[in-house]
Colleague: 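Have a look at this one.
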Amino acid sequence: MPKPKKKTRRFYDYSLLFAIVFLTIFGLVMIYSASSYMAQITYKGNAAYLMTRQGIIAMGGFVLMIIISKMDYRWYAKFSGFAIVLSWALMIAVSLVGKEVNGKKRWLGGDTLRFQPTELVKITVIVAMAALITRIGKDVDRPAGIARAVLITLPLAGIVAANNLSSGIIIAGIGFVMMFVASRRKLPYALCVAFGALLITFAGPIGNVLTGLKILKPYQMNRINVWLDPEAYPTTGGYQVLQGLYAIGSGGLFGKGLGESIQKLGFVPEAQNDMIFSIICEELGLFGAVSVILIFAFMIYRFMLIAGNAPDLFGALIVVGVMGHIAIQVILNIAVVTNTIPNTGITLPFISYGGTSVLFLMVEMGMVLSVSNQIKLEK
């Protein structure tokens with residue numbers, strides 16, 4: 001009798017899944033802690049309003065993540081062209097009829113239900129770049145291949161940056177990381193990083209020139225001035241930065257205790273959003289801040305492990321794209337909160353308040369887990 005065929009055992013990264021669940025739950029706890037005072041005043045005594053809202057979206061996103069993780073990731077490549085067209089359409093719609101919140105047009109929808117198309121653009125760039133690099137193969141180092149990658153990434157990053165500079169930087173960064181990993185020639189990319197470091201070092205003089213040429217808007221130049229000398233703007237642009245630094249400094253080694261932040265009581269604007277890391281530092285201290293960073297580092301390690309064992313180049317590049325997105329956003333958020341770079345309004349993944357952000361992050365995690373689920377285990 002012929003022996004029955006053994007069912008192929010496939011890998012599923014439960015360690016990454018644990019990190020996702022931990023960061024999401026931790027984020028809900030910190031959102032409640034950071035927003036309870038403001039929510040109680042704004043939403044008729046409902047201190048848990050923002051946490052509840054985020055929790056519902058996170059649960060829906062988690063279910064979507066599990067569904068996506070069980071799909072064959074190769075299917076995504078078929079829709080990369082459609083995703084690019086949809087992203088362009090949505091970003092043009094934002095520019096024309098987008099809802100303005102805090103003086104910025106970034107949302108589509110009404111007061112109750114709205115979303116930021118920029119989060120979809122990030123996924124579009126990841127899938128489209130992975131499909132392109134897989135298709136062109138060795139041409140990734142040739143001028144024609146680089147030009148095709150630039151034509152996918154930079155125009156989308158540019159239209160996003162018109163209303164949301166930080167997201168435009170992240171989208172360009174995702175494309176850069178994917179090209180860097182795929183390329184055999186690393187020196188040009190290293191020189192680009194060095195050039196970026198020089199731009200930050202001489203941001204003030206360069207900003208003045210770009211403002212004179214009307215490339216930078218006055219509010220963007222103001223952010224650079226605030227970054228260089230926040231104490232000169234203690235009641236205007238530097239207020240949020242200074243209050244965030246006070247929160248970080250007062251936390252000490254182990255913090256004041258969960259829920260015991262003083263700065264969240266109306267001192268740090270939007271404490272549950274971009275500045276939530278400062279509240280983590282104040283309440284949980286250096287120990288808590290380092291622990292959060294280590295969890296993100298562990299997540300990056302799992303991404304590297306999955307990418308290194310992915311069944312094909314397309315799957316590996318999807319994971320690299322998601323890894324680049326998470327790493328860039330975490331680094332930039334912490335750099336902004338600590339005033340290492342100018343304030344650009346970047347959220348901390350899984351932890352900051354933002355329904356669109358957490359929903360599309362779950363979609364990205366589902367894509368990574370779907371790649372891991374296609375890895376065959378050898379006996």
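Not measured: the values here are computed from a predicted model.
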Colleague: Determine whether the side chains of Gln263 and Gln243 contain a donor N or O and an acceptor N or O closer than 3.5 Å.
Modeller: yes

Colleague: Check the orientation of Tyr43 and Tyr49. Use parallel for under 30°, tilted for 30 to 60°, and perpendicular for over 60°.
Modeller: parallel

Colleague: Under the salt bridge (Lys or Arg N to Asp or Glu O under 4.0 Å) test, which residues partner Arg302, sequence neighbours left out?
Modeller: Asp13

Colleague: What's the separation between atom NZ in Lys256 and atom OG in Ser250, rounded to the nearest 0.5 Å?
Modeller: 3.5 Å

Colleague: In Å and rounded to the nearest 0.5 Å, what is the CG to CG distance from Leu23 to Leu28?
Modeller: 11.0 Å

Colleague: Side chain of Glu282, backbone of Gly251: donor and acceptor closer than 3.5 Å?
Modeller: no

Colleague: Please determine, by modelled atom types, if Lys264 and Ser33 share a side-chain donor-acceptor pair under 3.5 angstrom.
Modeller: yes

Colleague: If we count only N and O atoms by modelled type, under 3.5 Å, do the side chains of Ser370 and Ser69 hold a donor and an acceptor together?
Modeller: no

Colleague: How many angstroms lie between CD1 in Ile68 and CG in Asn373, if you round to the nearest 0.5 Å?
Modeller: 13.5 Å

Colleague: Mind checking whether Tyr12 and Tyr14 have ring centres under 6.0 Å apart?
Modeller: yes

Colleague: Once rounded to the nearest 0.5 Å, what's the spacing between atom CD1 of Ile200 and atom CZ of Phe195?
Modeller: 11.5 Å

Colleague: With a 4.5 Å limit on heavy-atom distance, are the side chains of Phe277 and Val336 in contact?
Modeller: no

Colleague: For the atom pair CE (Met178) and CD1 (Ile152), what is the distance rounded to the nearest 0.5 Å?
Modeller: 9.5 Å

Colleague: In this structure, are over 12 heavy atoms from other groups packed under 6.0 Å from Tyr37 atom OH?
Modeller: no

Colleague: Taking the side chain as C-beta and beyond, is there a heavy-atom pair between Val127 and Met367 under 4.5 Å?
Modeller: yes

Colleague: Between Tyr76 and Ile123, is any pair of side-chain heavy atoms under 4.5 Å apart?
Modeller: no

Colleague: In the single-linkage hydrophobic clustering (I, L, V, M, F, W, Y; side-chain heavy atoms under 4.5 Å), do Leu313 and Ile318 co-cluster?
Modeller: yes

Colleague: For residues Leu294 and Phe22: do they belong to one hydrophobic cluster (side chain heavy atoms under 4.5 Å, members Ile, Leu, Val, Met, Phe, Trp, Tyr)?
Modeller: no

Colleague: Quick check against the 3.5 Å criterion: does Tyr246 have a side-chain atom that pairs as donor or acceptor with the backbone of Phe267?
Modeller: no

Colleague: For Leu156, does its backbone N or O pair with a side-chain atom of Trp88 as donor and acceptor, under 3.5 Å?
Modeller: no

Colleague: Between Ser357 and Gly354, is there a donor-acceptor pair closer than 3.5 Å when you use the side chain of the first and the backbone of the second?
Modeller: no

Colleague: Do Ser183 and Asp141 meet the criterion of a side-chain donor-acceptor pair at a distance under 3.5 Å?
Modeller: yes

Colleague: Could you check whether any side-chain N or O of Thr42 sits under 3.5 Å from a backbone N or O of Ala39, counting only pairs where one atom can act as donor and the other as acceptor?
Modeller: no

Colleague: Between Phe176 and Tyr189, is the gap from one ring center to the other below 6.0 Å?
Modeller: yes

Colleague: Under the side chain to side chain contact (heavy atoms under 4.5 Å, CB included) criterion, do Met362 and Ile57 qualify, and how do the steps go?
Modeller: CA-CA 10 Å; Met362 290 295 185; Ile57 297 173; over 6 Å; no

Colleague: If you compare all heavy atoms of Gly321 against all heavy atoms of Ile174, which two are closest, and at what distance to 0.1 Å?
Modeller: O-CG2, 4.0 Å

Colleague: Could you walk me through whether Met38 and Glu270 satisfy the side chain to side chain contact (heavy atoms under 4.5 Å, CB included) test, starting with their C-alpha distance in whole Å, then the side-chain angles of each, then the deciding distance to 0.1 Å, before giving a yes or no?
Modeller: CA-CA 9 Å; Met38 182 275 293; Glu270 301 291 333; 6.0 Å; no

Colleague: Working to the nearest 0.5 Å, report the span between CD1 of Ile279 and CG of Leu284.
Modeller: 10.5 Å

Colleague: Could you see if Leu258 belongs to whatever hydrophobic cluster contains Ile31? Use Ile, Leu, Val, Met, Phe, Trp, Tyr and a side-chain cutoff under 4.5 Å.
Modeller: yes

Colleague: Please determine whether side chain to side chain contact (heavy atoms under 4.5 Å, CB included) holds for the pair Ile84 and Phe79, giving the CA-CA distance in whole Å, both sets of side-chain angles, and the decisive distance to 0.1 Å.
Modeller: CA-CA 9 Å; Ile84 291 173; Phe79 295 92; over 6 Å; no

Colleague: Could you tell me whether Asp312 and Arg74 make a salt bridge, using a distance below 4.0 angstrom between a side-chain N and a carboxylate O?
Modeller: yes

Colleague: Return the minimal non-hydrogen interatomic distance between Phe26 and Ile280, and the atom names on each side.
Modeller: CE2-CD1, 3.8 Å

Colleague: What verdict does the side chain to side chain contact (heavy atoms under 4.5 Å, CB included) test give for Phe62 and Leu17, after you've listed the backbone C-alpha separation in whole Å, the side-chain angles of each residue and the deciding distance to 0.1 Å?
Modeller: CA-CA 10 Å; Phe62 184 82; Leu17 185 63; 4.0 Å; yes

Colleague: Could you check if a side-chain atom of Ile159 sits within less than 4.5 angstrom of a side-chain atom of Ile92, using non-hydrogen atoms only?
Modeller: yes

Colleague: Between Ile326 and Leu361, is there a side-chain heavy-atom distance shorter than 4.5 Å?
Modeller: yes

Colleague: Assess whether a salt bridge exists between Glu364 and Lys122, defined as any Lys/Arg side-chain N lying under 4.0 Å from an Asp/Glu carboxylate O.
Modeller: no

Colleague: Given the ring of Phe180, does Lys186 sit roughly above its face, with NZ or CZ under 6.0 Å from the centre of the six-membered ring and within 45° of the axis?
Modeller: yes

Colleague: Does the Ser278 side chain pair with the main chain of Met275, one donor and one acceptor, at a distance under 3.5 Å?
Modeller: yes

Colleague: Are the side chains of Val368 and Tyr73 in contact, using a 4.5 Å heavy-atom criterion?
Modeller: no

Colleague: I need the minimum non-hydrogen distance between Pro117 and Val94, along with the two atoms involved.
Modeller: CG-CG2, 3.4 Å

Colleague: Scan side-chain atoms only and decide if Gln116 and Thr356 contain a donor-acceptor pair under the 3.5 Å cut-off.
Modeller: no

Colleague: Which word best sums up how the rings of Tyr301 and Phe298 line up, parallel for under 30°, tilted for 30 to 60°, or perpendicular for over 60°?
Modeller: tilted

Colleague: Do Ile67 and Ile56 share a hydrophobic cluster, counting only Ile, Leu, Val, Met, Phe, Trp and Tyr and linking them when any side-chain heavy atoms are less than 4.5 Å apart?
Modeller: no

Colleague: Taking the side chain as every heavy atom from C-beta outward, state whether Val363 and Glu119 have any atom pair closer than 4.5 Å.
Modeller: no

Colleague: Answer whether the closest heavy-atom distance between the side chains of Asn225 and Tyr233 falls below 4.5 Å.
Modeller: yes

Colleague: What's the shortest heavy-atom distance between Gln54 and Val358, and which atoms?
Modeller: NE2-CB, 3.9 Å

Colleague: Give me the atom names and distance for the closest heavy-atom approach of Ala172 to Thr153.
Modeller: CA-CG2, 3.9 Å

Colleague: For residues 327-334, dump all side-chain donor-acceptor pairs below 3.5 Å to protein atoms at least two apart in sequence or in another chain.
Modeller:
residue: Gln329; atom: OE1; partner: His325; partner atom: NE2; Å: 2.7
residue: Gln329; atom: NE2; partner: Thr347; partner atom: O; Å: 3.3
residue: Gln329; atom: NE2; partner: Thr347; partner atom: OG1; Å: 3.1
residue: Asn333; atom: ND2; partner: Asp274; partner atom: O; Å: 3.0
residue: Asn333; atom: ND2; partner: Ile346; partner atom: O; Å: 2.5

Colleague: Determine the minimum heavy-atom distance between Ala130 and Thr134, stating which atoms define it.
Modeller: O-OG1, 2.7 Å

Colleague: Sub-3.5 Å donor-acceptor pair from the side chain of Gln272 to the main-chain atoms of Ser35, do we have one?
Modeller: no

